[in-house]
Enquirer: 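Attaching a single structure in structure tokens format; questions to follow.
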Amino acid sequence: MAHLTIAPLSPVDTDQFYALAAEHLPDSDPERMRRFASTYPAAFQTVHLDKQLIGVCYGWFRKHFAPEDPSFTLDGICIACAYWRKGYGTKLLNAFEDAARSYGAPAVSAGSGREAEAFYIACGYAPKEYKCWTDGKPTVEHTYTSLEDYRTYQRLNPDGFVVMEKKL
């Protein structure tokens, strides 16, 4: 029987953590991650299956970049492809939410491309905004009023992303 372990990042896993993030989350910023790993160590979570690192997630308070937003942002989450759809991502996300709660966050927010939107909704997240990149900065194209609005809204820019949020 396989043994699953979810725990904060340990020094032993540091190199593998950043390698897995770079492989599956190419837009991740290793310098920013390292800076926040020391400030929010509980928010840098790993998942091991039989001692093999198969997934990571990490984040920090959104206020560092948007002072008006009190949420804790999930900046990245990934599970190695061979382990998708087995519930490991949900368990990893739950551990991240517990860490955000321990830091006093009222909510967790996550930017999501189409491939992960259904995952977040299944985990209790609500679509909040649709953002697109304009002049190198994310700008709100649409604010969702409901799940039905999310489902029926016609995205004008297919390269945008949905901001999801879950109250804690």
Enquirer: What I'd like to find out is whether the side chain of E165 reaches to under 4.5 Å of the side chain of K167, using heavy atoms alone.
Expert: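 Touching, per the 4.5 Å side-chain cut-off.
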Enquirer: Strictly distance-based, threshold 3.5 Å: is any side-chain N or O of T139 a donor or acceptor partner for the main-chain N or O of C132?
Expert: yes
Enquirer: Taking the cut-offs as 6.0 angstrom to the six-membered ring centre and 45 degrees off its axis, would you call R34 and Y18 a cation-pi pair?
Expert: yes
Enquirer: Within the distance-only criterion (no hydrogens, no angle test), does the side chain of Y130 pair as donor or acceptor with the backbone N or O of N157 below 3.5 angstrom?
Expert: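 Looks like yes, one N/O pair under 3.5 Å.
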Enquirer: Decide whether W84 and L25 are clustered together by the hydrophobic rule: side chain heavy atoms of Ile, Leu, Val, Met, Phe, Trp, Tyr closer than 4.5 Å, transitively.
Expert: yes
Enquirer: Kindly give the heavy-atom pair with the smallest separation between R155 and V162, and that separation in Å.
Expert: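 That would be NH2-CG2, 3.2 Å.
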Enquirer: So does Q16 get a backbone contact from the side chain of D13, meaning a donor-acceptor N/O pair under 3.5 Å?
Expert: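 Not confirmed, D13 side chain does not pair with Q16 backbone.
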Enquirer: Running the 4.5 Å side-chain criterion over Ile, Leu, Val, Met, Phe, Trp and Tyr, what cluster does V163 land in, apart from itself?
Expert: W133, F161
Enquirer: Have a look at I6 and tell me which of T46, N94, V47 forms a side-chain contact (heavy atoms from CB on, under 4.5 Å) with it.
Expert: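 Result for side-chain contact (heavy atoms from CB on, under 4.5 Å) with I6: V47.
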Enquirer: Output, in order, the C-alpha distance, side-chain angles, deciding distance and verdict of side chain to side chain contact (heavy atoms under 4.5 Å, CB included) for R35 and W60.
Expert: CA-CA 10 Å; R35 185 174 72 234; W60 40 79; over 6 Å; no
Enquirer: From L74 CG over to E97 CD, what is the distance, rounded to the nearest 0.5 angstrom?
Expert: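 If we round to the nearest 0.5 Å, L74:CG and E97:CD are 8.5 Å apart.
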Enquirer: Determine whether the side chains of Y153 and E148 contain a donor N or O and an acceptor N or O closer than 3.5 Å.
Expert: no
Enquirer: Within the distance-only criterion (no hydrogens, no angle test), does the side chain of Y58 pair as donor or acceptor with the backbone N or O of A43 below 3.5 angstrom?
Expert: no
Enquirer: Fit a plane to each ring of F65 and F36, take the angle between them on a 0 to 90° scale, and name the class: parallel (under 30°), tilted (30 to 60°) or perpendicular (over 60°).
Expert: perpendicular
Enquirer: Go through the side-chain N and O atoms of E117 and Y125 and say whether any donor and acceptor fall under 3.5 Å apart.
Expert: no
Enquirer: In terms of heavy-atom contacts, does NZ of K131 have more than 12 from other residues, nucleotides or ligands at under 6.0 Å?
Expert: yes
Enquirer: Assess the side chains of S71 and D69: does a donor N or O sit below 3.5 Å from an acceptor N or O?
Expert: yes
Enquirer: For residues 86-111, which residue pairs pass the ring-ring contact (aromatic ring centres under 6.0 Å, His included) check, not counting sequence neighbours?
Expert: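 Passing the test, one end in residues 86-111: Y40-Y103, F72-F96, F72-Y103.
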Enquirer: Using atom types as modelled and distance alone, determine if a side-chain donor or acceptor of D149 lies under 3.5 Å from a backbone N or O of T145.
Expert: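 Yes, D149 side chain to T145 backbone: donor-acceptor pair under 3.5 Å.
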Enquirer: For D50, is the CG atom crowded, meaning more than 12 foreign heavy atoms sit under 6.0 Å from it?
Expert: yes
